[in-house]
Novice: 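A single structure is presented below for examination.
Model, not experiment: these values are computed from the prediction.
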Amino acid sequence: MRYDLVIFDNDGVLVDSEPISNRLLAAYLTELGHPTSYEDSIRDYMGSAMHRIHDLVRERTGQRLPDDFDDVFHTRVFAAFERELKPVAGAGDVLEKLVVEGTPYCVASSGSHERIRVGHRTTGLDRWFDEGRIFSSQDVGRGKPAPDLFLYAAERMGVAPERCVVVEDSPLGVRAAVAAGMDVYGFTAMTPAAKLADATQLFSRMEELADLLA
């Protein structure tokens with residue numbers, strides 16, 4: 001194994017949540033008077049912490065989102081997760097292989113701890129992640145593309161950044177990993193390869209990841 005720690009993004013890498021959450025985000029922003037298509041949401045917000053959504057809307061329109069925006073959005077997302085959410089195909093196999101090989105791993109997500117937990121519980125991935133393996137942008141204040149979250153995860157796991165590899169599917173996440181001084185494998189299942197061009201390596205099916213990590 002060429003790395004001492006594998007850091008997974010969550011949404012779009014472990015759980016197939018991006019289509020659900022971006023559909024709902026686009027609808028909610030449009031409902032609030034900020035017309036947003038699904039494609040707009042994917043382009044502008046995929047991989048973002050919630051504070052970035054607030055910041056971009058205010059920057060573009062001069063208006064603040066409602067104080068209860070996060071709570072309402074998460075209520076809608078969690079309800080949809082219960083109905084629709086599935087794990088990313090092959091994610092469980094990769095995690096099982098890491099466990100068998102004794103390779104440390106964790107998740108570092110822009111999403112809240114609650115969102116991570118709901119997604120893992122709904123998809124059955126919670127069996128792979130005890131509390132010590134879960135890190136959220138809530139833990140550091142600044143989400144991706146800042147490197148803070150990945151550096152925090154590495155520190156908590158006791159591994160130097162240069163011995164880590166990040167598995168990401170968003171341009172923001174790739175930028176954050178590069179800024180942290182880590183290798184990053186870009187997952188192109190939903191994101192065009194050109195948008196992840198700064199990644200160390202690209203792959204399109206989770207089944208490929210185990211061989212890349214070997």
Side-chain angles (χ1 to χ4, degrees), residues 1 3-21 46-50 74 77-141 143-144 147-161 163-170 172-174 176-177 180 182-187 189-190 203 205-210 212-214:
M1 181 70 186
Y3 301 103
D4 296 332
L5 177 65
V6 181
I7 304 176
F8 291 94
D9 176 41
N10 190 56
D11 294 291
V13 171
L14 296 175
V15 296
D16 194 15
S17 54
E18 295 291 11
I20 299 170
S21 58
M46 182 172 160
S48 297
M50 292 300 293
H74 284 130
V77 167
F78 295 164
F81 279 4
E82 297 288 348
R83 297 190 303 268
E84 305 174 42
L85 189 62
K86 305 293 183 186
V88 168
D93 293 337
V94 172
L95 293 168
E96 184 171 9
K97 184 175 178 61
L98 293 176
V99 169
V100 169
E101 295 179 348
T103 301
Y105 65 91
C106 64
V107 61
S109 172
S110 293
S112 66
H113 278 277
E114 183 182 15
R115 176 178 172 132
I116 298 166
R117 278 299 186 196
V118 169
H120 287 185
R121 185 180 68 248
T122 303
T123 59
L125 292 180
D126 54 342
R127 63 178 293 206
W128 306 109
F129 290 95
D130 55 50
E131 200 60 42
R133 297 182 189 269
I134 297 177
F135 306 101
S136 161
S137 61
Q138 288 180 312
D139 300 326
V140 294
K144 306 165 189 178
D148 305 35
L149 176 57
F150 291 141
L151 292 172
Y152 176 75
E155 180 183 9
R156 290 291 301 272
M157 297 293 289
V159 178
R163 296 297 304 157
C164 299
V165 63
V166 175
V167 184
E168 263 288 353
D169 71 329
S170 75
L172 292 175
V174 168
M182 300 176 180
D183 281 358
V184 54
Y185 291 170
F187 185 38
M190 273 194 64
F203 68 105
R205 295 182 305 111
M206 195 55 66
E207 290 84 353
E208 301 170 50
L209 182 59
L212 292 177
L213 293 173

Novice: How long is the straight-line distance from OG of Ser136 back to CG of Asn10, given to the nearest 0.5 Å?
Specialist: 10.0 Å
Novice: Inspect the contact between Arg121 and Glu82 and indicate whether a charged nitrogen and a carboxylate oxygen are less than 4.0 angstrom apart.
Specialist: yes
Novice: Show the nearest heavy-atom pair for residues Leu149 and Ser110, with the distance to one decimal.
Specialist: CD2-N, 4.3 Å
Novice: Quick one: pull up CZ in Arg117 and CZ in Phe78 and give me the separation to the nearest 0.5 Å.
Specialist: 13.0 Å
Novice: Would His120 and Val107 satisfy side chain to side chain contact (heavy atoms under 4.5 Å, CB included), going step by step from the backbone distance to the final call?
Specialist: CA-CA 11 Å; His120 287 185; Val107 61; 4.2 Å; yes
Novice: Check whether any side-chain N or O of Tyr105 sits under 3.5 Å from a backbone N or O of Trp128 as a donor-acceptor pair, and report yes or no.
Specialist: yes
Novice: How close do Leu85 and Gly119 get, counting heavy atoms only, and between which atoms?
Specialist: CD2-CA, 3.6 Å
Novice: Checking Phe8 against Val88 for the side chain to side chain contact (heavy atoms under 4.5 Å, CB included) test, could you report, in this order, the C-alpha distance in whole Å, the side-chain angles of both residues, the deciding distance, and whether it holds?
Specialist: CA-CA 12 Å; Phe8 291 94; Val88 168; over 6 Å; no
Novice: Can you see whether Arg115 engages Ser21 through a side-chain donor-acceptor pair at a distance of less than 3.5 angstrom?
Specialist: yes
Novice: Hey, mind stepping through Val166 and Asp9 against side chain to side chain contact (heavy atoms under 4.5 Å, CB included) and telling me if it holds?
Specialist: CA-CA 7 Å; Val166 175; Asp9 176 41; 5.8 Å; no
Novice: Would you find a donor on one side and an acceptor on the other, under 3.5 Å apart, between the side chain of Arg163 and the backbone of Leu5?
Specialist: no
Novice: Measuring from Asp139:CG to His113:NE2, what's the distance to the nearest 0.5 Å?
Specialist: 3.5 Å
Novice: Measure up the Phe203 and Phe187 rings against each other and bin them: parallel (under 30°), tilted (30 to 60°), perpendicular (over 60°).
Specialist: parallel
Novice: How about Phe135 and Phe150: are their ring centroids closer than 6.0 Å?
Specialist: no
Novice: Show the nearest heavy-atom pair for residues Ile116 and Ser109, with the distance to one decimal.
Specialist: CD1-CB, 3.7 Å
Novice: So which heavy atom on Glu18 is nearest to which on Asp11, and how close?
Specialist: OE2-O, 3.4 Å
Novice: Please tell me if the side chains of Pro19 and Met190 come closer than 4.5 Å, counting only heavy atoms from C-beta onward.
Specialist: yes
Novice: Could you grab the distance from atom CG of Asp93 to atom CG of Leu209, nearest 0.5 Å is fine?
Specialist: 11.5 Å
Novice: Rounded to the nearest 0.5 Å, how far apart are CG of Leu213 and OG1 of Thr103?
Specialist: 8.0 Å
Novice: Determine the sole option in Val13, Val6, Val165, Asp169 for which the side chain to side chain contact (heavy atoms under 4.5 Å, CB included) test with Tyr185 is passed.
Specialist: Val165
Novice: Calculate, to the nearest 0.5 Å, the distance between atoms CD and CE belonging to Glu155 and Met157 respectively.
Specialist: 12.5 Å
Novice: Do you know the tightest heavy-atom contact between Cys164 and Ala154?
Specialist: SG-CB, 3.8 Å
Novice: What is the minimum heavy-atom distance between Ser170 and Gly47, and which atoms define it?
Specialist: OG-CA, 3.8 Å
